[in-house]
Structures are given as structure tokens and as C-alpha cells.
Amino acid sequence: MRNTLDIRTVANRYAAQLQLCCSQRSTSYCIAQTIHAHMIASGFKPRGHILNRLMDIYCKSSNIAYALHLFNKIPEPDIVARTTLIAAYSTAGNLKLSQEVFGGTPLSTRDTVFYNAMITAYSHNNDGHAAIELFRDMRRDDFRPDNYTFTSVLGALALIVEDEKYCQQMHCAVLKSGTVFVTSVLNALISAYVKCASSPLASSSLMMGAAKKLFDEMPNKDELTWTTMITGYVRNNNLDAAREILDGVTENIGVAWNAMISGYVHHGFIHEALEMFRRMHLKGIQHDGFTYTSVISACAYAGLFKHGKQMHAFILKTEEKHEPEFSLSVNNALVSLYGKCGKVEEAREIFNKMLIRDLISWNAILSAYVNLGRIVEAKSFFKEMPERNLLSWTVMISGLAQNGFGEEGLKLFNQMRIEGFEPCDYAFAGAITSCAMLGALEHGRQLHAQLVKLGHDSSLSAGNALITMYARCGIVEAANCVFLTMPCLDSVSWNAMIAALGQHGHGLQAIELFEQMLKEDIVPDRITFLTILSACSHAGLVKEGHCYFNSMRGCYNITPGEDHYARLIDLLVRAGKFSEANDVIESMPFEPGAPIWEALLSGCRIHGNMDLGIQAAERLFELMPQHDGTYVLLSNMYATAGRQNDVAKVRKLMRDRGIKKEPGCSWIEVESKVHVFLVNDTVHPEVQAVYNYLEQLVLEMRKLGYVPDTKFVLHDMEEAQKESVLYTHSEKLAVVFGLMKLPLGATIRVFKNLRICGDCHNAFKFMSKVVGREIVVRDGKRFHHFRNGECSCGNYW
DNA sequence: GTAGGGTTAG
């Protein structure tokens, strides 16, 4: 008798202790396991609800195998044990096990709570349809849905974006069930209407109206009611209405304020978001990790580094109060803030100090390095990552593409697919940008086709990448076609298309497009002005370019940077306006740097302005003594003037300073394969045939008046030898290879790493006439379209 | 034994 009583007392004590553990946070689970160990040691055999509680604890601490072991020891587990297990498995992310337990339970032993648990399990695993299906089953089997059922099933309904009928039907079911005065059910119903309002299949105003009507008529609103209504308006782009609801909240509901702040951030109203935080603080509304993350990301988005740093300092002051879960998201936001503001070392320091890191932390630090163009470090982060998602791949691919590693970008894009990631439009944009860099037109076209097939063709980022790709591959018409058919455009799209026209020498069209952009109220940015100035420069539109430059500050409040000044100088000196260029340099608010002198030097070369050219070259030698381009331009200038002695001096200078000219390299795509030719190539398997065909072509070209221009040969040698050096230039080899391999009549598109050589430029004019085909060459600076003996660049190369 | 809102990476 006494013994039985003892066991009961012990059991009650165990139960009370476990209850205490479960009501606290996950950190108490290990204590619960110690209690279990105590049971085993003292020979106490847990049964009934104590066993159920233990199973729950093991599942929640991710020890599913052990939970299952306990469950299997129960001879006939009751409905409570089964319900616990379904919920626990689903929290651990194992829907299959939940389903197994559910299916293995006879209908006669089931109850409403049991169904509720399974409906929630489906809902948590984003399977809204299965949840609703089960709701129908339970009603068919005569189980009465209660308020828990409706909150769960309405949550599931919100997952599937369908037409308005679903919401209305469920609303009727709620009315019939008698749970219509339960606050949690009404909250869920409002939430379902709100979700439905953003579906394209439903009328937004009708659904928001229904939600607001329920909200207004609710007698007992709780924290969730206010918050749901605020997020509802935020998600349906009605921030004013959301604000009105929040202004009606009299209690201290931090979550409602958080919803409002994040709403402002997502819609780009950064100052409103910061103002909300200020007011929240003054009013004594409880702020937490959610608040800080939103505020920090607002600062990051708007580049408000100072504000972000202040927020960081504020958080550090209260650090000891914070849970690790709090620190994770706040630290992630901070890593992103410092990364976006270019403070990669600070971002790194926070990242290194983080006790817990997740995929978001890794992606944030990866982007920080990628954004600064620090690709080597980014690559090593990418390699080290414990896991990767679509975003990790996308960031790395676009990073490689934008920093000139096109080939690696494409490789990674393929690797990503091999590893089972379906690329999103951003990943495609990265791959397409890689094609643009490489001039891989066929590859780019294939990606374009896949994009359409996968339904990403209305994507802004992919569209913008396509414009650039087609333009950089030499087909400005295709770029225009993409531009015209894009469903929506942003300033990047306009900039890309203006740049496309400019690069190909269509200066007037570029100006026309720029004017159209202004008419459509798109505000031009720094990049727009860089592109329009280049376009004017390529086409010799001096007056227009100068006028746009002057409008930057006055009309658009953009302070011209050195890059803008450099393009203006380029524009002026190409047209031979040296004194005007000089005036501009003198008016600059800063000392002229390398870009300015470079622009000046190349203008001097075109116009044979020797004195100024030498001056500019000397400045450049001081500023960047290792840059080979300066030596090449200077010696070209001497060569054009017939000053061979000075050419030799420059050559000696290069030798003495150990400067090697970057070797010329050209490439062409034939049948989706990129063929690369170096100067004096001996590596390409078909190069001998190329040399032979070139020899034949030169004979024909000479008949039309082509005379090889040996003054572009830097090295000192016999005249005949110099001539043969000209025939080893990489751009000639690539063009001739194209003529041999591409179908008759097809345009030849060749890419070169450096500026095109003067003799090649002349030779291609004759060549285009001899073969009756168009030859397009993209060099380091611009495009040349050779057609019937003429070049589109107007000899401004 | 079962439910519902606000955060961070391009």
C-alpha cells in the first residue's frame, strides 16, 4: 500500500518538473533529459502523460530517433501520445513521420485535437492544399471543428493564393461552427482575406474591405488583431491605412510598430521608418531584435552609415540582455550594413565574433566581398560555406561576371545546375552578363531561350542583362528589341540601352532615347550621365555633350565626379578643342588624376598634339608608372609623326622599367565555341590555314589600294619584316578565322582585349569590301562596324 | 496533446 503511494508521489513530482521544463525555453530540454536519466537510474518506468511529455522533449531537441524508440515501447499508445508525436515530428521538419503516425491511427480512436495537429503539420510544411483536404475529411467523418481547427486551416488557406471563393466559403463554415466570436479565429480570417487581397485572381479592394469590416466589428481585439490588420495594409501597398490603424493602438504593442517599420522599409520609405523608431523609443514602446534588424536594414538600404552605426552602438549598450536568437538576425543585419557601406573589415569582425551563424550570415559576408570586387576572398568564402542556397550561387555568379571573370561565371552557373539548383532570374542575369563580357553571343542566345522557357522573360534584372549582352556582342538591334518588349523598365534599363547606342556610334539615337527617358519622368543618375557623355563623345556631338554635362548639377543635383570630367575632356579633345579642355581642367574642384590625363593623351594622339601629349604622358608616368597603355600611346604618337628615334627611346624606357606590353588577344565565337588567338599565334590548331588565307586576302586588298602601315610596329626591324609582323596581329587572325568558318554572308564578330591597331583598322575596311561582309570588332574601348570599305567609328579609335 | 503577427542575405 505504502509502496504504491510512493510511486504515485514520485510520478507527480516528475510530471511537475517536466511541466516546468516545457513551459520554459529550449535551453531547459537538457534538464528534462537529466530528469529522464534520473527516472531510469531509480528504476521508475514512465507511462502515460509523463512518457508523452518525454517524447515531446526529445523531438523538440531534435532527437527524433530516441522519441520514436520511446513511442515504440508503448504497447498501445493513446491518442494523446499520437497527437504529441505528430506535432513534435512536424516541428522537427519531418512531415513524413507525422503522416505515418496519423495514418496508423484507427478512425475510432481519433478526436478533433488529433486532426488539428495534423492540419497544423501540413500548414507548417507549406502544404496548404493537404491541410484543407484533411479539414474536409474530418468534417466528412463527423468530427466537429473547433477554434483551433479554424485558426490552423485559415492559416493554411493563406498559403495558397487562390480566388476569393475560398475565403468566403471558409467564412461561412466559421459562421456555422459557432466559433465566430473567438478572437483567434477572427484574426485568422482577417489574415486569410488580407493574403487573398494580394492575389491577382481576387479583387484587392473587395478582400481588404471584407477584412476591415471584420476588424471594425470585432469586440475583443488583441495584439494580433492590430498587427494583422497593419501588415495587411502594408502588404497591399496601403501604408497610410496601415498607419491609421497603428495610430489607433493605445496599448504598448511593439509587434504592431515593428510591422509598420518593416512596411516602410520594404516600400523604400526609409526616413519614415527611422522616424517611427524614434517615436517608438520616446513613447516607451518595447523595441526588440525585430525592430533593430529593420532599422539597420533601412540604414543599409539608404547608405545611412552614420545612423546605422548609432543603432549598433545603442544595441551594444544593452547587449547583456540579449538571447542568441536575437543576436543572430541583428548581427546578420549589421554584417550586411557594414558590407553595403563598403566597410568590409568591420563586417568581417562582426562575422568572426558571431557565436551562431546561419546561411544568411554567410551570404551577407559573401556579398560584402563581392560588392567590393574582392573576388579572391569571396571565392574562398564561397568554398568554405557549410551550406549554400540559390542566393549564394547567384551572388557568386554575378560577382564573377561583373568583375570580368566571365568564363568562371559561366562555369559556376553550370555547376549550380549540376548540383540541383534551378536558377532564378538573377542567376540568369549573372550568366548572361558573363556572356556579355566574353562576347559569347550564341551562348547568350541559348540562355535567352531558356529564360523564356522558364517564364523569367519578364524579369527586370534578366532583361537589363540581355540588353547589355546583345549590345556588347555587337547586335544593337537585338538589344533594342529586348528593351522595347520589356514589360517594365527601370533606370538601369534606360542606361543600358543608351550605352548600347552610344558604344555603336549611334550618338543621335542615344540622345533621342535620353530625352524620351526624361519625358517619361525617369530620373537620370550618375551612370546615365556617364553613358550619355560617352555616346556624345563617340559620335563627336560636342555641343550636346557639353550641354548635358552642365545640366547635371543645375537640373539634377548631381555633382560631376572625376569620371564625368574625364568623359567631357575626352569629348572635347577628340574634336580637337584643346583650349576648351584646358579651361575645364582648370575649373575642376580637384587636381586632375589619371583618367583626365589619359583622355587628354588619347586626344593628343588623334590630333598629333605632340607638346600637350608629352605633358600628359609625363603626368601619367608619375601617377601610374607601371601602366603599359601610356607607353604604347606615346610611342604611337611619335610613330605617327615619324619620330622613330623617340619611339626607340620609349621602348628603352619600357625595357629599363621592366614594363611589358599586355599581349594582344582576340577571340571569336564559332558554333557556340570561343576561339582565342594571341598575337603571332602558334597555339590554335588551325592557325596555319588562317595565315594562308590571310595572305590571299591581302593580295586582293592591295589591288583595292590597301597599303600596310608599318609605323604601328613598335620594334625596330627591316621594313619587310615589319609588314609580316602586322599579319600576326590577333584581331586579323580572329577575323580571318571567322571568314573561313562562319556561313557565307554571316557577320563576323570579333573581340579584342586592347584597342584595335591602326593598320588592322585600315585593313578591315578593305577586307569588308573584298569579301562583301560586315565585320564587327569590339575592342577595349568601343565598337567598330566595318561595312563596304567604311567604319562606323568615323576613324575615332 | 492542437492555433495565429513583426527580422536579416542579391
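A, B, ... follow the sequence lines: proteins, then strands. Residue 1 opens every chain.
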Would you classify A/T394 as touching base, sugar-phosphate or nothing, given that sugar-phosphate means primed atoms plus P, OP1 and OP2, and contacts are heavy atoms under 4.0 Å? base
Assign A/F114 to base, sugar-phosphate, or nothing according to its heavy-atom contacts below 4.0 angstrom with the strands shown. base
Which of the following nucleotides, B/dA9, B/dG5, B/dG1, is nearest to the side chain of A/T228? B/dG5
I need the CD1-P distance between A/I261 and B/dT7, as an integer number of Å. 11 Å
Reckon A/S294 has a side-chain N or O less than 4.0 Å from the OP1 or OP2 of B/dT7? no
Regarding A/I79, tell me which of base, sugar-phosphate or nothing describes its non-hydrogen contacts under 4.0 Å with the strands shown. base
Between the base of B/dT7 and the side chain of A/S329, is there a donor-acceptor distance below 3.5 Å? yes
Just the rounded figure in Å: distance from C1' of B/dG6 to CG of A/N252. 14 Å
Identify whether a stacking contact exists between A/F290 and B/dT7, where the ring centres must be under 5.5 Å apart and the planes under 30° apart. no
From the candidates B/dT8, B/dA3, B/dG6, the one with an atom nearest any side-chain atom of A/Y148 is B/dA3
Among the nucleotides B/dT8, B/dG6, B/dG4, whichever has the atom closest to the side chain of A/T231 is B/dG6
Between the side-chain atoms of A/S184 and the base atoms of B/dG4, is any donor-acceptor pair under 3.5 Å? no
If you draw the axis of the six-membered ring of A/F351, does the NZ or CZ of A/R357 fall within 45° of it and under 6.0 Å from the ring centre? yes
Between A/H312 and A/Y292 (judged by ring centroids, cut-off 6.0 Å), do the two rings come close enough to count as a pair? no
If you check every side-chain atom of A/V255, which of B/dT2, B/dG5, B/dA9 has the closest atom? B/dG5
For DNA chain B, the residues among residues 336-349 of chain A that have a non-hydrogen atom under 4.0 Å from it: A/S336, A/K340
As a quick check of understanding, evaluate side-chain contact (heavy atoms from CB on, under 4.5 Å) for A/L134 and A/M138, giving each step before the final call. CA-CA 6 Å; A/L134 191 60; A/M138 102 182 250; 5.7 Å; no
Are the aromatic ring centres of A/H171 and A/Y193 under 6.0 angstrom apart? yes
Below 4.0 Å: OP1/OP2 of B/dG6 and any side-chain N or O of A/R235: yes
Against the side chain of A/V80, the closest entry in B/dG1, B/dA9, B/dA3 is B/dG1
Base of B/dG6 paired with side chain of A/D288 (donor-acceptor, under 3.5 Å): yes
What residues, two or more places apart in sequence or in another chain, satisfy salt bridge (Lys or Arg N to Asp or Glu O under 4.0 Å) together with A/R243? A/D247
Would you mind reading off the distance between A/F215 atom CZ and B/dG4 atom C1', rounded to a whole angstrom? 16 Å
Taking all non-hydrogen atoms of both residues into account, name the closest pair between A/T394 and A/S398 and its distance. O-OG, 2.6 Å
Looking for any heavy atom pair under 4.0 Å, which part of the strands does A/V395 touch: base, sugar-phosphate only, or nothing? sugar-phosphate
Rounded to whole angstroms, how far apart are NE2 on A/H266 and P on B/dA9? 8 Å
Is it true that a side-chain atom of A/S191 and a backbone atom of A/N187 form a donor plus acceptor pair closer than 3.5 Å? no
Distance in angstrom units between A/E223 CD and B/dG5 P, rounded: 14 Å
Checking all strands, does A/R357 fall into the base, sugar-phosphate, or nothing category for heavy-atom contacts under 4.0 angstrom? nothing
Check whether any side-chain nitrogen or oxygen of A/S262 sits under 4.0 Å from OP1 or OP2 of B/dT7, and answer yes or no. yes
Which part of the nucleic acid does A/H287 contact within heavy-atom distance under 4.0 Å: base, sugar-phosphate only, or nothing? nothing
A/S152 near the nucleic acid: base, sugar-phosphate alone, or nothing, with a heavy-atom cut-off under 4.0 Å? sugar-phosphate
Quickly work out the A/N331 CG to B/dT8 C1' distance and round it to whole Å. 10 Å
Please determine if A/E377 and A/R374 form a salt bridge, counting it only when a charged side-chain N lies under 4.0 Å from a carboxylate O. yes
Roughly how many Å is it from OH in A/Y301 to P in B/dG10, rounded to a whole number? 12 Å
With no angle test and no hydrogens, is the base of B/dG1 tied to the side chain of A/D111 by a donor-acceptor pair under 3.5 Å? yes
Cation-pi, A/F305 ring and A/K343 (6.0 angstrom, 45 degrees): yes
Is there a donor on the side chain of A/N389 or the base of B/dA9 sitting less than 3.5 Å from an acceptor on the other? yes
Using a 6.0 Å distance limit plus a 45 degree cone around the ring axis, check whether A/R388 lies over the aromatic ring of A/F382. yes
Quick one: which of B/dA9, B/dT2, B/dG6 gets closest to the side chain of A/T120? B/dT2
Would you say the base of B/dG4 and the side-chain of A/D222 have a donor-acceptor pair closer than 3.5 Å? yes
Round to the nearest Å and state the distance from A/I253 atom CD1 to B/dG6 atom P. 15 Å
